[in-house]
Structure formats: C-alpha cells, structure tokens
Trainee: 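Could you have a look at this structure, given as structure tokens, before my questions?
Quick caveat, the model's predicted, so the values are computed rather than measured. Proteins get letters first, then strands, A, B, ... in listed order; numbering begins at 1 in each.
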2 protein chains.
Amino acid sequence: MRISSLEEYGLRCLLALAREGCEGQLSITDIAEMEGLSVPYTSKLLSILRKSDLVSAVRGRKGGFCIKRKPDEITLLEVITALGGPLINPDHCSKFSGKLDTCVHVDSCSVHGVLDTLAGTIELFLSKTTLQDLIEQGNRQTGFTPADTLLTGGIQDSTKEINTLDYKERL
Amino acid sequence: MRISSLEEYGLRCLLALAREGCEGQLSITDIAEMEGLSVPYTSKLLSILRKSDLVSAVRGRKGGFCIKRKPDEITLLEVITALGGPLINPDHCSKFSGKLDTCVHVDSCSVHGVLDTLAGTIELFLSKTTLQDLIEQGNRQTGFTPADTLLTGGIQDSTKEINTLDYKERL
DNA sequence: ATAAAACTTTACATCTTTGTAATGTTTTTG
DNA sequence: CAAAAACATTACAAAGATGTAAAGTTTTAT
C-alpha cells in the first residue's frame, strides 16, 4: 500500500499552482523548475490534472496553467483520485487473478469488508483536507508541523475511542 | 494508492490459517484450493508470511503451515506491513526522482507532512483491527457487514469530529 | 508572416510488480 | 531405503507503472 509517484508529484504541481491563487499562472517550465522535475514529466502530470478539470491551460506564447477553483474548495481526495484512481479496486471479487474464474468469496468476503472500511477511512481523511490546509501548513515553519503533533498526541486518543467504542463494539 | 495483490492475497491465506487456530494446520495445496490461487503463488505468499514470523512451516510428508499467534493478537498493520512494506516511502524527500539530486522540499515539505499524517491515520486503523475481528465479521452473514454500517453512519460522525475539531483546529 | 514560447500527444525505454515454472530439500510411510 | 508428499528457492515471463523523447499544434510578438 503506497502513495504512487504520480499522486505525489501531481499533488506537488497542483500545490504550486494553488499557491499562486485563481488569478495566478505558471508555465510548465516554471513548475518543473520549482519542483525539481523534468519538463516532459511535469507536462504529463499537468495534462492529467487538466483532464480531471483541476487546472486549466492557456496555450501560446503567454500561456501557462492556473488552478480552476479556490484551494480551499479542492480536497486531497479529488486530487489523489484524479491521479491514482480509486483506492480499492471496484471489482475486487469479480476480477480475480487466481485459478478460478471468479473469487471464491464473492458472496461472503471478509477481506472485502475490511478493505472497504479501510478505504472509507482513508477517503474520509482525504476529503477533510484541502489544498489550502497544506499551503497554510507550509507557511508556518514552526519546526513541528501539525502532522507531527497529530501523530504524537491529541487525535490519537480520540481515534482510539472511535476504534474501541464505536468500531469494535459494532463488530 | 492501492492495496497491492500481495497484500490482499497474503491476507486471505493468513486468514485461512487463522480460522484453523493455533493448533490447526493446512498445506499449501489446501490453502490454494480454498482461496482459488495457484499452488506456486500460494507457496510464495506463505513464504513471505513465514519470513515475517506470522506463520510457521512443518516440512515433510505430514507437513503444512500453522499460524504462530492467536488471531486476536495479530493486527492488520503487521500483516500489511509484512506483505507490502511501509505505507510511505521512508526517504520521501531524499530519494527523489526528479532532475535534482535531492527533493527541493527537504527542509520545508508541506506534502511530506500531510502524507505522514495520512499514513498515521491508516496505520492507526490497521493496528486496531485484528484477524479475529475479520473472522467474526465473516461468521455473521447478516447481509450487512459491520463495515457497511460503519461507512453509512455511526463512525462517520465521530471521525468528522476528529477532522474538524481536533485536526483542523491545530492546523 | 515568421519565429519563439508554450501547451499536446504519441511512442518508447526502463523498472517494478505479478504470477509461473522448475528444481531442490526434508520428512514420512510402506 | 525408496517413493511420495510437502515445503524452499531461484529464475523467468508478462503486465503495469515510471519517466523520457520527439514531433505536433496554438498563440503572441516582432
């Protein structure tokens, strides 16, 4: 289970445009230089983002890309989905690579259930985080990012509560 | 962002052994048949699980595999990590595939921060779910799995709370 | 108009993941 | 002790992901 390269680098490019705001504009060359990527690769990433309607392109001499919506209106879920497809293979049990034609668990697949829940958890997290959140996070530079705080204290207790009280109790 | 095949099928094989309990035993052929996988592939999966110390193997005529610990003592995090490695590339910013030698964000990488948080969220979820949970889930057969319940109501509100109150407030 | 700057598209080489094949090693049973 | 059953290991073919290269199209400035 990994973040793919397309997802990560695509997110970086989109963030660069998000920092410029809706009126701003950057060329592929600009972005490639800022993010330390090759021009052709950056081009490919932006092409994907454009087809997903996250950025718009202006061709020609004074051309470039700009973000299509305000950064606080674009969630990470949209971005990751655009770049990497759905988290869980939609036809989990029907497209089975084993010996049989179909997954032996089609009707009662315990794995499927938990993977769906996992995907739901991830998607929930991603849908609550916007590009604006990332930008503000980057501007802080306090040495400790909110993410660090989050992982070492605070939220962990609340989440534990969810898992023990809500989640486990339902099982 | 996807669950890899190794992770999914490996988990299925381990679950099959978990259902047999610590005293039970299954051969590769048994498991392959139960899960609809080829024998060589099943062999590879179990080999990984054995090297991760999740199952033990008995060689020879009456040989087979058995699970090494009680199913309620094995978390999904262990299993997924054993089969697919860490969720986030550990040297995210140092091993960079762009033009430059190192990632341009080494010191202030906003993407890195949020990806860490995401990984933490996923790991937390995985660490709270044991093989026993999956087995009990599979035994129910109520038509609606707990996962479904989880996704359509209950936990969603609580998680929202986390994201809005705890997480966002800290940002 | 024409050249330069910038986006677009397609093709391709490379690397990783997936799954198979084949061969070797260990233990049991007759 | 020899054959069968079962695990172990290594090598390899196929598919997918990654990143590059090259040629094409559009607009602007001169």
Trainee: Between D/dC7, C/dT18, D/dG19, spot the one nearest the side chain of A/K44, thanks.
Mentor: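 Nearest to the side-chain atoms of A/K44, counting from C-beta on, is D/dG19.
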Trainee: Atom NZ of B/K51 to atom C1' of D/dT9: distance rounded to whole Å?
Mentor: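 After rounding, the reported distance stands at 7 Å.
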Trainee: Nearest 0.5 Å please: distance from the OG1 atom of A/T75 over to the CZ atom of A/F125.
Mentor: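 Going from OG1 on A/T75 over to CZ on A/F125, the span is 11.5 Å.
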Trainee: For A/L49 and C/dC7, what is the distance between atoms CG and P respectively, to the nearest whole Å?
Mentor: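 That distance rounds to 13 Å.
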Trainee: Using whole Å, what does the distance between atom P of nucleotide D/dC7 and atom CD1 of B/I31 come to?
Mentor: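 Whole-Å distance recorded here is 8 Å.
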Trainee: Counting side-chain heavy atoms from C-beta on, which of D/dA6, C/dT17, C/dG19 comes nearest to B/Y41?
Mentor: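 Nearest to the side chain of B/Y41 among the choices is C/dG19.
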Trainee: Is any side-chain heavy atom of A/S56 closer than 4.5 Å to one of A/C66?
Mentor: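 Side chain of A/C66 against side chain of A/S56, heavy atoms only: contact under 4.5 Å found.
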Trainee: Testing the basics here: between B/C13 and B/I31, what is the closest heavy-atom pair and its distance to 0.1 Å?
Mentor: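 Between these two residues, the closest heavy atoms are SG-CG2, 3.8 Å.
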Trainee: Consider the side chain of A/R50, meaning its heavy atoms from C-beta on, and name the nucleotide among C/dT9, D/dC7, D/dT18 that approaches it most closely.
Mentor: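 Ranking C/dT9, D/dC7, D/dT18 by closest atom to the A/R50 side chain puts C/dT9 first.
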Trainee: Given atom CD1 of A/I28 and atom C1' of C/dT8, what is their separation to the nearest angstrom?
Mentor: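 Interatomic distance, CD1 of A/I28 to C1' of C/dT8: 9 Å.
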Trainee: Look up atom CG in B/L11 and atom CG in B/L83, then write down how far apart they are to the nearest 0.5 Å.
Mentor: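 Interatomic distance, B/L11 CG to B/L83 CG, rounded to 0.5 Å: 7.5 Å.
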Trainee: Does A/S4 reach a base, just sugar-phosphate, or nothing at all? Heavy atoms under 4.0 Å.
Mentor: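 Sugar-phosphate only.
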Trainee: Round to a whole Å and report the spacing from CG of A/D30 to C1' of C/dA6.
Mentor: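 Checked: the CG to C1' distance equals 11 Å.
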Trainee: Identify, with sequence neighbours excluded, every residue that meets side-chain contact (heavy atoms from CB on, under 4.5 Å) alongside B/D30.
Mentor: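 Residues passing side-chain contact (heavy atoms from CB on, under 4.5 Å) with B/D30: B/L26, B/S27.
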Trainee: For DNA chain C, determine which residues of residues 53-69 of chain A have any heavy atom closer than 4.0 angstrom to one of its atoms, and list them numerically.
Mentor: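 DNA chain C contact set from residues 53-69 of chain A: A/A57, A/V58, A/R59, A/G60, A/R61, A/G63, A/G64, A/F65.
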Trainee: For the side chain of B/S127 and the backbone of B/L124, is there at least one donor-acceptor N/O pair under 3.5 Å apart?
Mentor: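 Indeed, once roles are kept as given, a pair shorter than 3.5 Å links the two residues.
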Trainee: Can a side chain N or O of B/T29 be found less than 4.0 Å away from OP1 or OP2 on D/dA5?
Mentor: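 For B/T29, the contact criterion (side-chain N or O under 4.0 Å from OP1 or OP2 of D/dA5) is not met.
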Trainee: Round to the nearest Å and state the distance from A/E33 atom CD to C/dA5 atom P.
Mentor: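 Value for this atom pair: 15 Å.
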Trainee: Please give, in whole Å, the distance from D/dA17 C1' to A/I3 CD1?
Mentor: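 One finds 15 Å between C1' of D/dA17 and CD1 of A/I3, rounded.
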Trainee: Output yes when at least one side-chain N/O atom of B/S38 is less than 4.0 Å from OP1 or OP2 of C/dT20, else no.
Mentor: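 Yes, B/S38 has a side-chain N/O under 4.0 Å of OP1/OP2 on C/dT20.
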Trainee: Who are the side-chain hydrogen bond (donor to acceptor under 3.5 Å, both in side chains) partners of B/E78, not counting sequence neighbours?
Mentor: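 B/E78: side-chain hydrogen bond (donor to acceptor under 3.5 Å, both in side chains) contacts with B/R69.
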Trainee: Take atom CD1 of A/I48 and atom P of C/dC7, then tell me their distance rounded to the nearest Å.
Mentor: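 Interatomic distance, CD1 of A/I48 to P of C/dC7: 16 Å.
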